[in-house]
Amino acid sequence: MGLADSLDAYLVLAGILFSIGTFGFLARRNAISMLMSIELMLNGVNLAIVAFGSFVEALRADGSVIALMVMAVAAAEATVGLAIVIAIYRNRKTPLVDEYDAMRQ
């Protein structure tokens with residue numbers, strides 16, 4: 001039984017991806033980097049869903065469908081998020097999220 005035959009290896013990798021994405025989201029001030037970190041977190045979740053779908057017999061058919069729905073949500077999030085960031089950048093001339101609170105005034 002090799003490393004690729006183990007569900008644990010995929011779940012550890014998914015957890016690492018999600019953790020890197022979480023750290024990137026919390027540590028960055030740049031809106032583009034924050035969006036990329038969210039995508040990394042969603043990819044970690046997708047990896048876990050696909051791993052469970054291939055190792056758990058009851059989820060074999062549903063795992064791929066759920067992963068495709070997560071990919072669709074990630075694509076929509078990236079599109080809308082990038083459009084919002086570009087619109088704010090045109091007005092404020094900065095991609096830093098610290099400057100976005102000035103819109104409240």
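Just so we're clear, the structure is a prediction, and the values are computed from it rather than from any experiment. Residue indices begin at 1 and follow the sequence shown.
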Checklist entry - To the nearest 0.5 Å, how far apart are CG in Leu40 and CG in Leu35? => result 12.5 Å

Next on the checklist: On a heavy-atom basis, which atom in Tyr10 and which in Leu47 lie closest, and how many Å separate them?
Outcome noted: O-CD2, 3.9 Å

Checklist entry - With hydrophobic residues grouped by side-chain heavy-atom distances under 4.5 Å, do Ile49 and Ile38 end up in a single group? => result yes

Name each donor-acceptor pair under 3.5 Å that joins a side chain in residues 65-87 to protein atoms two or more places apart or in another chain, with its distance.
{"unit_1": "Thr79", "atom_1": "OG1", "unit_2": "Ala75", "atom_2": "O", "d": "2.8"}

Item to check | side chain to side chain donor-acceptor pair (under 3.5 Å) contacts touching residues 46-57 (sequence neighbours left out) | outcome: Glu57-Arg60

Checklist entry - Is Phe55 reachable from Phe52 through a run of I, L, V, M, F, W or Y residues, each pair having side-chain heavy atoms under 4.5 Å apart? => result yes

Hey, can you pull the donor-acceptor pairs under 3.5 Å for the side chains in residues 11-25, sequence neighbours left out?
{"unit_1": "Ser19", "atom_1": "OG", "unit_2": "Gly15", "atom_2": "O", "d": "2.8"}
{"unit_1": "Thr22", "atom_1": "OG1", "unit_2": "Phe18", "atom_2": "O", "d": "2.9"}

